[in-house]
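Here the structure comes first, spelled out in structure tokens, and everything after it is commentary.
Throughout, protein chains are lettered first and strands after them, A, B, ... in sequence-line order, and every chain is numbered starting at 1. Remember, it's a predicted structure, so these values are computed and weren't measured experimentally.
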Amino acid sequence: MLPQLIRRLGLMIFTVWGAVSLTFVILRLAPGDQATVQLGPDATAADVSALREELGLDRPMLVQYLDYLGSAITGDFGESYRFRDSATAVILDRFPATVLLAGTATALALTIGLLLGVLAGRAPGGLTDRAISGITLVMQAIPSFWSGIMLILLMALTLRLLPSAGSGDLRHLVLPAITLAIPFTALVARITRSSVAEVTAEPYIMTARSKGLSERLVLSRHALRNSVIPVVTIVSLHIGTLMGGAVIVEQVFAWEGVGSLLVGAVGNRDYAIVQGTTVLLAIVVVTMNLLADVLNARLDPRIRAGVTS
Amino acid sequence: MTTMGLVQNPAPPTPLVPARTRRATVRRVVAAVPIIIFGLYVVAAIIGPLLIDYSPVGGELDDRLLAPGSVLSDGSTALFGTDALGRDLFGQVVYGARTSVFIGTLVVLISALAGITVGTVAGYRGGKTDLVASRIIDVLLAFPGILLAIVIAGVFDRSLAIVVIALSVTNWIGFARLSRSMAMTLRERDWVKSATVMGVRRRRILARHILPFIAGPTFALATTEFAGAILAEASLSFLGLGLPSASVSWGQTIAAGKEYLASAWWISAIPGIALALLVICVGFTGDRLTRYFGRKQ
Amino acid sequence: MTAAAGLRITDLTVTYPGPRAGGLVGRRTPITAVDAVSLEVAPDETLALVGESGSGKSTIARAVVGLVAASAGSIDFDGASLLNLRPRDQWARRNIAMIFQDPRSALNPRLSAAASIGEAWEAHPDVAPEGVRRDQRRRRAAVVDLLAQVGLDPDVAGKRPTALSGGQCQRVSIARALALSPKLLICDEAVSALDVSVQAQVLQLLVGVREARSLSMLFITHDLGVVRQVADRVAVMRRGELVESADVHTLFTAPQHDYTQELLAAAVDLDVRS
Amino acid sequence: DDDTSDSGGEAGGGEIAVAGQFPTESIDPNGPLAIDGGTRVASIQLYSPLLETIGPGEFDPRAAESWEINDTATEFTFTLRAGITFSDGSPITGHDVAASFERTVASDSPFSANFVDVSVAATDTTVTFTTAAPDPALPAKLTGLMITPAGATEDSYLDTPVTSGPFQVESFTPGGDLVMVPNEHYWGDQPQVDQLTIRSIPEVAARVTALETGELDVIWGISDDQVTQLGGNTEVEVVSAVGSAVTTMWMNASTPALEKAEVRRALWQAVDFEKKIDALYPESGEPADSVLAPTVFGYAPQEPVVYDPDAARQALIDAGFDFDTTLRFHFSQAQFRQWVDSVVADLAAIGVHAEALEKEQAVYTEDLLALNWDINIQQVGTLGLDASYNLGRLYTCAAERTGYCNPELDEMLRRAGTSVDPAEREAAYAEATELIWTEAVGMYPMFVKNLFATRTSVSGFEPDGEGLPRFDTVSVDE
Amino acid sequence: MNDTLRVRDLTILLPGPRGMADVVDGVSFDMVEGRTTGLIGESGSGKSLTAMALVGLIPETGVVSGQVLLGEENLLEAGRARIRQVRGTEISVVFQDPSTALNPTMTIGDQVGEILRGRRVSRGQARVRAAELLDHVGIPDAAARVGAYPHEFSGGMRQRAMIALALAGRPRFILADEPTTALDVTVQARILALLGRLRDEDHLSMLLVSHDLRVMSHVADDLVVMYAGRVCERGGARAVLNRPLHPYTDALVRSVPSVHVRSAIADPLPGSPANPFDRPAGCPFNPRCPRAEDRCRTEVPALREIAPGRLSACHLAEELT
Ligand SMILES: Nc1ncnc2c1ncn2[C@@H]1O[C@H](COP(=O)(O)OP(=O)(O)OP(=O)(O)O)[C@@H](O)[C@H]1O
Ligand SMILES: Nc1ncnc2c1ncn2[C@@H]1O[C@H](COP(=O)(O)OP(=O)(O)OP(=O)(O)O)[C@@H](O)[C@H]1O
Ligand SMILES: [Mg+2]
Ligand SMILES: [Mg+2]
Ligand code: NI
């Protein structure tokens, strides 16, 4: 077991390295560098080149890259010029808020999505199925920022039920979590639907029926567990989509997570923050994928045994 | 007659036949609706701008924020109302359709082309090629959703090309994954093996025995990605990272109208509905295609 | 010609990467599917390859046509080695044709029967009948001729596999295999998927073709009754190894190896008129 | 009153929450983000300057009791109030002021560009600034210098720094909420509220909603349309404050198409700014009659440019303008979009092609400095409310900012910048302003007021001289 | 006792390319206690549908009519609850491919014992019983293997487990749908021997679906031959195979090559099996029948008794005796 885990970890590290390098490259390709942005239109050319030197931006690209990589390994993404603090500290400060938001949204999406998906997949082509298909399509078709603002206007302004924006107690969490969960719920529901539909066509479901089990038992004991396996895999692949959605939702609701931090940092060319955030989010995605694999191994004895299915 | 077990109890078959065909016709018509609507969008995108005269800079400030159906100062009627600069929203929606459909199409074309090429070759050849491709895909998959698009669109100068590139950078992965896995299964099909055994050249095998089968599901995926690209463009516009201001797109209009949701809802809502409707229609079509090609597998 | 005419397999060993051992992503433990097997198929001879499921029969066939790489041993045909051919040298194998088990999936569902058959000629213009690559009429005539040889009507030429029955599909596959006039025909369970009544049709056709063209045949099957009908010699495999090989009569009347005996004992005949 | 649950207990106290559009990423008043929107608003509440501007060329003492300027305007000595202390109770000395000044100069912020070749010396009660060249505008520039302890470093500002203003920090998350309570050691009047929270809500719809629901008490960064929308709400009041910002649209005189002043004037004439202001900025805009805002020292009103498209077109034809050229109209902030689009439309109406180019911030800056544009739009403010920051810095030939170069103008600006006599300076700036106006170095269509919306429960809200929100006089009744 | 399961006029309609078609048409036969009834026919002839219809496991889109009589009770008219009660305890099923018919994520023991758990048997007791059953079907070291997952079993063991699962509810009727097709010959022989043993020991009635005539000839007592959804011949197995009363059965018997005697390849039947969705007019076998006459092409032959216990649906059956 150990060597496999090490291999898997090696793959993770490779992936994160790739993510780190890609961000580096993109930011270096971008027009204008940190020095010009930092000093603004009032700076003289001498000031700019002095700052460039100070930041090490005048060194050869490869040197900068290796240097950056070297410190990235130790968790150091440099200092944010705006926050005057280590980027890692700034990001980690904001991270719990994003975890809370994304976690709540995931929990919501999984509960409702699985329910809808099972209802639809139980009788593919039926009325329920088509109704749920329609609903989920609509849920996926509405941009998050739009549904977010609409929810604010409805729940906060018109009904005065919930606070509109900002962080704080749990009531602040409700609207952003719902907004973020809407498309994700639809996704989970759609994947679950097709998975359940596929599994219920498997011969072993017929076997279960031939034992005289009730449909409910057939579904809960035989179909569900097997349907969840592909759902876990695909949903884990979409964790990234969720995190991307979080960026926008945080912006709408002034949720102080890494998403809104990133948007600000991109605008201000705060390289350290941009790089650190992307890498952190990449690590989250990769870790979630690993967790999903572990979960699947728990759910499916064949995966545990290494039988490729 | 009885029904048993799992049988749902449909009425006796014989008298049903005419009703069944009628219902089938109705169903076929209903099923065609999304495609027809989608077609209308495409037509609007292509010829709309030729019919409707709209200038993105031609606002009359006296006509700001007029509700749908209002009469403008020049005597014409603004079917969908006007925006904060007094520009006719109907024209904006039609012109925006062109941009959005264009961006969606371009993103899908680029991503599909790149994705299918990489995926098919990797899946078919396997070995090192596949390893390299899979690792690249892994790396890109680690980037959350539109994050990469935000970074790219955020740090480069605004232009249509940048938006298209930013969206394509992650979009092609879906195509690559799909075609890779399909190529891997197809590779094991006996007809591919027969061709290999007969000494048919690799390129020809790809073209004749593999790609045609990837085409269908890819097309189904393309519809979803098309919708996704349009939505993503809207999200970028919302963050202020979208197209240059001179271009008209739904995303821009929706984002511009978000300030007026409480007062002039139509600015955001109408292109929003246009967008959602298109995405839904495309989604329906995609679902049908997916199911169709899924069944054919 | 030389003494080495026909197919000669010496100490062939084939390993597959195998499933990942344990855990989430383990190292792959290689599976030795074929272990030091030596076989010969003389010209005009039919060798039947039998054995339990997973014993490596198909793997040998695949190795001969280059679908899998051998890890050790040699495969020669008419004195020339078939190992390590580059993809573009595949024409060297044009003397060997293969017929697969599933009649439908062996044909590209998007191509008409004529297109499937004609593909062989496009890949090997040097050995194609004259003019078939450019002249549509000649091409059609050649296809119809081949179809006739496998007992199919000319109108089958324009049909796709979905419009054909299983037996017809298998005949088209055979026609395609014959298009390059091979010397060796490998049939991997070529009749197993067919209904009994259709199985007899295809068997009869194969035997007829073999006689008419004096083909060698490597015939893989699990039906000992069929073996008895078509084979000259039989090779019995078990778990990647060759356990016994003998001519048909000897093997069926005096099996040497325990496994062969078990196999024969398990194979019942129709309990009728006896 | 965050949400609605917790109301201030003590009489006259209460808590208020306010929000703007930009996050407060730093509360270091002398750091690189010193003039960042969020940081400035925070600094005003947290720190004391030596002096503050109360009108063009008029100052009020704050931490300084008095100051003296020598005859050549090269030496400025400030005497601090006696017995003033920081929030931790330690005394504020001249050394603290000097250290603050030095940190500002070293910070590489745009603010530090104000203090080239200025040296500082201090005693416990005084601080003396010496400039290499005469700089009569120095007191104005020093209004932005906030006093922090001598021992302060960047790290001091990460959570709860020692402050010198009416408030002190209760808690601070960079980019998140800044919670303040009254500074009990403050030398001036104690703030009325018990707690002040500044947060940022980037989405304007969310911000306005939060004000309407009472989650926030004061918001800013709202557009005129929002004001219209809020008009129906009796619980909300709109306050506007004159700042120093002027909507400035330079026309690049170094490009051949815009070389002639007649052409530039004609273009100005071709745009119906009055209508634009009426329609787009009824609340925050006011037609401008000068390059500088009336609050600024050096302001001199000019003859307004009257909208006359026909005359404009004729003038262009007379000047031999090539109607085939496309003018690159360059901007970077989304807030200018509507404005730019409608200007482009007006120009199009007289046959002049202008192309709106919205640029990414870094690209915009680069192009701006490289004079890689034909028309440009910015809101130009005047830090310290002295024309030297604006005219003196941006309009000289050496600055190469506007594309316009005129030795005569250089001379006027030099005089205005070095003269010790305020009257003479004022006259020189008036002369320069007239030249800039008539030569149409740019179009100067609008003075920009800052808009604030407050709940009616809030009283005593009054923005400071530069139009920034101040909360030390605010009180709230539940 | 209701020891016989009688199938009468079973007809199954399924949606096809051209509307609903009777894919199974008027099938009648009996499953008698202690006897194995063989159901034979080419692929697509409706064997599996017929067998599954006995326990109500046909596709949801299908429509069934006719009678399946367990004693006097018509199972086709019974309610859902009753059918569920019948499944597994009166009639149970052994499926063709044990590798897909077993739930991959559930242990063998749980799957075998599951049917008992509905009857207030604890999980532990169910496991003990499952171990007994696995032992009964010849799985070595059964007690240790109840916790194994299907993928840890070989194909033959899986099929044994599948049989144990079918026996768990102590049914009297077993429907075995091609239980050995997926297995090796040697394994196949053992499984068939096991099924024979169980039939005798437990007095079971068995319906064995297969297209392997050789197997059938050794295991079946009675034979039902189907062609294109209809029964074309029925009778005692030995009698049917010895002297077929239908040209189709005759051709089948001739097509099977002998293992122990070298035989020439028989003259095969021409053409391909009829598609039940597109049955030819008259006798469905007529296009391939060497004896076909005019009336074979127009008139559907009725299944009728030609000799005692021998039924045939050929117009010319009398001539074949
Ligand atoms: N592509 C592959 N990857 C890994 N292992 C394989 C692969 N193909 C076959 N094997 C393994 O190699 C062994 C031999 O397989 P092969 O297909 O040659 O057997 P066979 O005798 O043809 O069996 P059957 O009668 O079932 O067709 C088996 O254990 C099988 O699991
Ligand atoms: N779910 C279904 N939907 C539509 N048609 C079906 C379905 N299941 C079976 N059929 C059709 O019903 C006919 C009879 O099928 P059945 O499975 O009973 O054949 P069979 O005799 O068991 O064949 P095999 O030997 O291949 O198992 C076939 O033509 C088949 O295509
Ligand atoms: Mg094989
Ligand atoms: Mg069947
Ligand atoms: Ni009935």
Side-chain angles (χ1 to χ4, degrees), chain A residues 11-12 14-19 21-23 26-27 29-32 133-134 136-138 140-146 149-150 152-153 157 183 190 194 209 215 237-248 251-252 259 262-263 265-267 269 274 277-278 281-286 289, chain B residues 5-6 8 135-136 138-157 169-170 177 224 227-228 230-232 234-241 250-251 254-255 257-259 261-262 265 268-269 272 275-284 286-287 290-291 294:
Chain A
L11 275 181
M12 269 178 72
F14 173 86
T15 309
V16 173
W17 165 78
S21 310
L22 190 60
T23 346
I26 290 174
L27 290 184
L29 286 179
S133 272
T136 51
L137 265 178
V138 174
Q140 284 186 311
I142 299 175
S144 291
F145 64 85
W146 207 74
I149 294 175
M150 279 306 180
I152 291 179
L153 291 178
L157 189 61
R190 294 170 74 77
S194 61
R209 287 187 177 137
E215 273 306 290
L237 280 176
H238 281 89
I239 287 290
T241 318
L242 180 82
M243 300 307 282
V247 173
I248 289 171
Q251 189 73 5
V252 174
L262 173 78
V263 173
V266 166
R269 283 292 161 79
V274 174
T277 315
T278 3
L281 292 180
I283 291 174
V284 170
V285 170
V286 174
N289 290 349
Chain B
L6 302 162
Q8 290 290 297
R135 287 298 87 84
I136 294 176
D138 275 356
V139 167
L140 283 171
L141 272 180
F143 279 100
I146 66 162
L147 178 108
L148 209 53
I150 290 176
V151 173
I152 295 177
V155 298
F156 288 92
D157 203 9
V169 161
T170 41
R177 283 165 48 87
T224 346
I230 293 180
L231 276 177
S235 294
L236 286 182
S237 288
F238 162 76
L239 291 175
L241 305 171
W250 290 338
I254 296 173
K258 67 181 201 259
E259 278 186 41
L261 276 177
W265 54 268
S268 217
L275 170 94
L277 193 64
L278 174 62
V279 172
I280 290 169
C281 288
V282 168
F284 260 117
D287 274 7
T290 313
R291 235 177 290 139

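No other option in A:Leu262, A:Val138, A:Val263, A:Val16 has as many heavy-atom pairs under 4.5 Å with chain B as A:Val138. Counting heavy-atom pairs closer than 4.5 Å to chain B, the top residue among A:Ala141, A:Gly244, A:Gly18 is A:Ala141. With chain A as the partner, the residue from B:Val279, B:Leu140, B:Leu147 showing the most heavy-atom pairs under 4.5 Å is B:Leu147. Contact count against chain A (heavy-atom pairs under 4.5 Å) is highest for B:Leu231 among B:Ile150, B:Leu231, B:Asp138. Annotation: maximal heavy-atom pairing with chain A below 4.5 Å, among B:Gly272, B:Ala149, B:Ala269, B:Ala227, occurs at B:Ala269. The residue among A:Asn289, A:Leu242, A:Thr241, A:Ile149 with the most heavy atom pairs within less than 4.5 Å of chain B is A:Ile149.
Using a 4.5 Å cut-off between heavy atoms, B:Leu141 contacts chain A through both its backbone and its side chain. Only the side chain of B:Leu148 comes within contact range of chain A, with heavy atoms under 4.5 Å apart. Of the two parts of B:Ile280, the backbone and the side chain both hold a non-hydrogen atom closer than 4.5 Å to a non-hydrogen atom of chain A. Using a 4.5 Å cut-off between heavy atoms, A:Leu22 touches chain B through its side chain atoms alone. Proximity to chain B (any heavy atom under 4.5 Å) is restricted, for A:Val247, to the side chain, taken from C-beta onward. Both the backbone and the side chain of A:Ile26 come within contact range of chain B, each with at least one heavy atom under 4.5 Å from a heavy atom of that chain. Using a 4.5 Å cut-off between heavy atoms, A:Leu29 contacts chain B through both its backbone and its side chain.
Side-chain contact between B:Phe143 and A:Val285 is absent, with no heavy-atom pair separated by less than 4.5 Å. Contact of the A:Val286 side chain with the A:Leu11 side chain is not registered, since no non-hydrogen atoms from C-beta on lie closer than 4.5 Å. A 4.5 Å side-chain heavy-atom check between A:Met12 and A:Ile283 finds every atom pair outside the cut-off.
Heavy atoms only, all atoms of each residue included: A:Thr15 and B:Ala142 are closest at CG2-CB, 3.7 Å. A pairwise comparison of heavy atoms in A:Pro143 and B:Leu275 identifies CG-CD2, 3.6 Å as the closest pair. When all heavy atoms of A:Pro183 and A:Ser144 are compared, the pair lying nearest together is CG-OG, 4.1 Å. What you find for B:Ser268 and A:Trp146 is that their closest heavy atoms are OG-NE1, 3.2 Å. Between A:Ala282 and A:Ala19, the shortest heavy-atom distance links the atoms CB-CB, 3.8 Å.
Atom CH2 of B:Trp250 sits about 13.0 Å away from atom OG of B:Ser237, to the nearest 0.5 Å.
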